[in-house]
S.K.: 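Got a structure here, written out as structure tokens. Questions coming.
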Amino acid sequence: FFFFKQKTAYEMLRSLVGSEMCIRDRLPNCQFSTCRRVNLILSDLNMPRRDGFDLIQDIRGLEDGQSDIPIILVSAFDKAEDIEKGFKLGMDNILYKPVKEEQIDDVLSKYLPKGNL
């Protein structure tokens with residue numbers, strides 16, 4: 001038997017982009033506005049303390065010019081009501097687990113300005 005370790009979305013993103021900026025759910029409330037400008041948010045829908053829907057609402061509610069950042073959620077589930085809710089709140093796209101490196105590459109190419117990869 002051969003076992004191949006599947007890369008996590010984080011590992012794939014690191015290998016494609018070559019740098020990182022993580023905002024973890026450890027912040028008591030969204031302190032996103034205190035961070036430097038980011039070009040894309042890739043977040044799991046189901047996080048331990050907050051969910052991706054809360055994150056979308058927080059970011060879309062910002063008034064400092066960062067509310068338009070593309071938000072891509074990652075989920076293991078493809079429930080129609082979750083997809084609909086995400087798009088209504090302002091999600092730009094969704095990826096389903098297991099995420100393939102090509103999917104992340106496609107999302108980066110679609111939503112990031114040229115030269116930001």
Side-chain angles (χ1 to χ4, degrees):
F1 291 100
F2 293 96
F3 293 97
F4 297 97
K5 180 183 179 234
Q6 181 178 341
K7 283 185 177 179
T8 65
Y10 173 80
E11 291 168 328
M12 287 184 238
L13 191 59
R14 283 271 299 151
S15 68
L16 289 168
V17 177
S19 64
E20 69 181 89
M21 180 179 171
C22 289
I23 298 174
R24 305 234 178 236
D25 65 338
R26 294 185 184 133
L27 297 175
N29 50 25
C30 188
Q31 298 171 10
F32 188 75
S33 60
T34 63
C35 299
R36 66 184 168 100
R37 172 75 183 179
V38 296
N39 295 311
L40 181 133
I41 294 169
L42 181 67
S43 174
D44 200 301
L45 174 60
N46 298 305
M47 296 181 279
R49 295 183 198 131
R50 316 177 62 215
D51 64 26
F53 300 132
D54 292 335
L55 179 67
I56 294 170
Q57 288 179 304
D58 288 346
I59 292 168
R60 294 299 182 235
L62 293 174
E63 296 179 5
D64 61 0
Q66 296 198 67
S67 65
D68 62 339
I69 298 168
I71 301 172
I72 315 304
L73 292 183
V74 179
S75 178
F77 308 103
D78 62 350
K79 296 191 304 190
E81 57 269 13
D82 285 349
I83 297 166
E84 184 178 335
K85 181 177 180 179
F87 281 116
K88 280 184 180 178
L89 291 173
M91 169 183 79
D92 292 282
N93 209 330
I94 187 164
L95 300 175
Y96 298 103
K97 296 177 185 177
V99 177
K100 294 180 175 51
E101 195 163 342
E102 300 82 39
Q103 292 173 293
I104 293 179
D105 192 32
D106 290 345
V107 163
L108 294 177
S109 297
K110 180 177 181 177
Y111 292 100
L112 288 180
K114 298 232 182 276
N116 284 344
L117 282 178

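Since we're looking at a predicted model, the values are computed, not measured. Values below: all heavy atoms of this structure, side chains included; hydrogens, waters and symmetry mates excluded.
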S.K.: Looking at side-chain heavy atoms only, is the closest gap between Leu40 and Val107 below 4.5 Å?
M.R.: yes
S.K.: Please identify each residue that fulfils salt bridge (Lys or Arg N to Asp or Glu O under 4.0 Å) with Glu81, with sequence neighbours left out.
M.R.: none
S.K.: Testing the basics here: between Tyr96 and Phe77, what is the closest heavy-atom pair and its distance to 0.1 Å?
M.R.: CE2-O, 3.3 Å
S.K.: Hey, could you give me the CD/CE distance between Glu84 and Met91, rounded to the nearest 0.5 Å?
M.R.: 10.5 Å
S.K.: Tell me, please, which residues at least two apart from Lys85 pass salt bridge (Lys or Arg N to Asp or Glu O under 4.0 Å).
M.R.: none
S.K.: Can you name the side-chain contact (heavy atoms from CB on, under 4.5 Å) partners of Asp106, sequence neighbours left out?
M.R.: none
S.K.: With rounding to the nearest 0.5 Å, note down the distance linking CG in Leu73 to CG in Leu55.
M.R.: 7.5 Å
S.K.: Hey, which of Ile56, Ile59, Asp54 is the one that makes side chain to side chain contact (heavy atoms under 4.5 Å, CB included) with Leu89?
M.R.: Ile56
S.K.: Once you round to the nearest 0.5 Å, how far does CD of Gln57 lie from CG of Asp51?
M.R.: 8.5 Å
S.K.: Hey, what do you get for CG (Leu95) to CG (Leu45), rounding to the nearest 0.5 Å?
M.R.: 12.0 Å
S.K.: Let me confirm one number: the CD1-CZ distance from Ile94 to Phe87, rounded to the nearest 0.5 Å.
M.R.: 7.0 Å
S.K.: Look only at the side chain of Arg60 and the backbone of Ile69, and say whether a donor-acceptor pair between them is shorter than 3.5 Å.
M.R.: yes
S.K.: Using the rule given for side-chain contact (heavy atoms from CB on, under 4.5 Å), can you reason through Leu42 versus Tyr111, listing the C-alpha separation, both sets of side-chain angles and the distance that settles it, and then say yes or no?
M.R.: CA-CA 11 Å; Leu42 181 67; Tyr111 292 100; over 6 Å; no
S.K.: Would you say Asp92's side chain and Ile71's backbone share a donor-acceptor pair under 3.5 angstrom?
M.R.: yes
S.K.: In Å and rounded to the nearest 0.5 Å, what is the CG to CD1 distance from Asn93 to Ile83?
M.R.: 10.5 Å
